[in-house]
Amino acid sequence: MAPVKFANACAACHLLTFDKRFDFGVPHDKPEVIHTFLVRAFREYIAAHASEVRVRRDPGRDLTGKPLPPEVRILTPAQWVTERTAAAEDLLGRKTCKQCHTLTSSAKSSRGIELSVRQGNDSDKLPGVSAELPNVAPANITLRWMPHAKFDHSQHEGFTCVSCHAKALTSTESSDVLLPGIGTCKKCHAPGPEHAESRCFGCHTYHDWSKRKEVTPKFTLPALRTGGR
């Protein structure tokens with residue numbers, strides 16, 4: 001089977017949303033690409049919704065023991081973009097991306113990203129937004145579940161997926177392993193003329209040739225037949 005790819009196996013359910021103001025998610029890409037995407041999205045948004053620089057305090061986000069922020073804050077567009085970008089990256093790094101990836105901190109990015117937003121006929125260039133971008137490890141996806149056996153889906157194309165993977169219909173966690181047990185295989189692979197091949201070699205391999213040891217030949221076929229005499 002081909003390795004799982006986010007675009008064709010995950011994206012339909014995992015939308016990578018980052019803010020309620022948008023009905024789309026971030027691209028499944030490197031942190032610096034996502035950062036640029038977020039900055040651009042928020043700059044374009046605030047250019048079209050200038051009144052939102054007036055930020056009211058949300059009582060639902062007040063924390064016990066922490067000083068209360070002002071009832072209303074008036075931000076510059078640059079401040080608003082910086083805050084919203086940081087909040088979106090915090091959500092992605094703390095929850096969304098961590099569902100599949102391990103994130104570790106890295107050196108602070110020194111690159112200022114200059115993006116322009118248009119207000120009327122004027123081009124207002126806001127200062128670059130710097131961010132501490134994490135290192136994102138590739139998802140740890142098991143590519144081969146049966147290291148000492150072989151299975152070819154193409155030889156079973158006549159069957160529906162749920163014929164063998166019945167639990168797929170009720171599974172709710174990506175950590176679920178939906179491999180069928182040997183009992184499912186034995187429904188078809190069993191002794192007798194009415195069944196498919198059921199001997200061990202049909203599925204299993206016995207020698208891992210990558211671990212073979214080089215030997216110096218010492219015998220000839222006649223010697224082996226006569227015990228060396």
Side-chain angles (χ1 to χ4, degrees), residues 5-7 9-141 172-175:
K5 297 292 185 182
F6 180 86
C10 311
C13 296
H14 297 274
L15 305 180
L16 305 185
T17 52
F18 60 95
D19 190 283
K20 63 183 179 181
R21 297 171 179 82
F22 304 93
D23 59 359
F24 53 83
V26 298
H28 186 253
D29 212 318
K30 297 177 180 178
E32 53 267 30
V33 174
I34 295 174
H35 180 74
T36 303
F37 177 91
L38 290 172
V39 172
R40 185 184 299 277
F42 284 120
R43 285 182 174 174
E44 291 177 353
Y45 180 89
I46 200 60
H49 304 81
S51 63
E52 290 201 24
V53 296
R54 181 182 174 88
V55 181
R56 287 190 172 276
R57 174 177 141 252
D58 181 1
R61 300 182 67 85
D62 293 344
L63 298 176
T64 303
K66 297 288 185 180
L68 294 179
E71 196 66 32
V72 177
R73 294 183 302 137
I74 307 298
L75 306 178
T76 66
Q79 290 172 328
W80 188 90
V81 169
T82 299
E83 286 194 6
R84 297 320 312 159
T85 299
E89 290 182 326
D90 177 66
L91 171 66
L92 292 168
R94 178 170 41 84
K95 181 183 177 183
T96 308
C97 301
K98 277 193 172 181
Q99 290 181 326
C100 299
H101 298 276
T102 298
L103 280 66
T104 56
S105 60
S106 61
K108 190 171 184 179
S109 171
S110 60
R111 292 180 301 129
I113 303 172
E114 290 289 338
L115 297 174
S116 53
V117 293
R118 296 193 174 278
Q119 295 177 329
N121 295 323
D122 297 325
S123 180
D124 177 20
K125 274 197 172 183
L126 302 178
V129 178
S130 63
E132 186 174 337
L133 304 179
N135 292 314
V136 181
N140 185 16
I141 299 175
T172 58
E173 300 292 335
S174 60
S175 58

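- In terms of the side-chain hydrogen bond (donor to acceptor under 3.5 Å, both in side chains) criterion, residue partners of Asp90 (sequence neighbours excluded) are, by chain and number, Arg94.
- For the residue pair Gly25 and Phe37, the shortest heavy atom distance occurs at O-CZ, 3.6 Å.
- Scanning for ring pair (Phe, Tyr, Trp, His ring centres under 6.0 Å) contacts around Phe6 gives His28, with sequence neighbours left out.
- With values rounded to the nearest 0.5 angstrom, Tyr45 atom OH is found 3.5 Å from Glu52 atom CD.
- With sequence neighbours left out, Glu71 forms a side-chain hydrogen bond (donor to acceptor under 3.5 Å, both in side chains) with Arg57.
- Considering only residues two or more places apart in sequence or on other chains, His14 meets the ring pair (Phe, Tyr, Trp, His ring centres under 6.0 Å) condition with none of them.
- Contact between Val81 and Ile46 at its shortest, heavy atoms only, is CG2-CG2, 4.1 Å.
- By the neighbour-count criterion of 12 heavy atoms within 6.0 Å, atom CG of Asn140 is sparsely surrounded, having that number or fewer from other residues, nucleotides or ligands.
- Note: Leu103 CG to Leu133 CG = 11.0 Å, rounded to the nearest 0.5 Å.
- For the ring-ring contact (aromatic ring centres under 6.0 Å, His included) condition, no pair includes a residue of residues 55-75, sequence neighbours left out.
- Partners of Arg56 under the side-chain hydrogen bond (donor to acceptor under 3.5 Å, both in side chains) rule, at least two apart in sequence or in another chain, do not exist in this structure.
- With sequence neighbours left out, Arg73 forms a side-chain hydrogen bond (donor to acceptor under 3.5 Å, both in side chains) with Glu83.
- Looking at Arg84 and Arg21, their side chains come closer than 4.5 Å, going by heavy atoms from C-beta outward.
- The two atoms that bring Pro31 and Pro134 nearest to each other are CG-O, 3.3 Å, heavy atoms only.
- Listed by chain and residue number, Ala78, Gln79 satisfy the side-chain contact (heavy atoms from CB on, under 4.5 Å) test with Thr76 (two or more places apart in sequence, or in another chain).
- With sequence neighbours excluded, the residues satisfying side-chain contact (heavy atoms from CB on, under 4.5 Å) with Lys30 are Glu32, Val33.
- Of all the heavy atoms in Trp80 and Leu75, the pair that sits closest is CA-CD1, 4.0 Å.
- Closest approach of Leu92 to Leu16, counting heavy atoms only: CD2-O, 4.3 Å.
- Across all non-hydrogen atoms, the minimal contact from Ala88 to Phe18 is CB-O, 3.9 Å.
- A distance of 10.5 Å separates CG of Asp23 from OG1 of Thr17, quoted to the nearest 0.5 Å.
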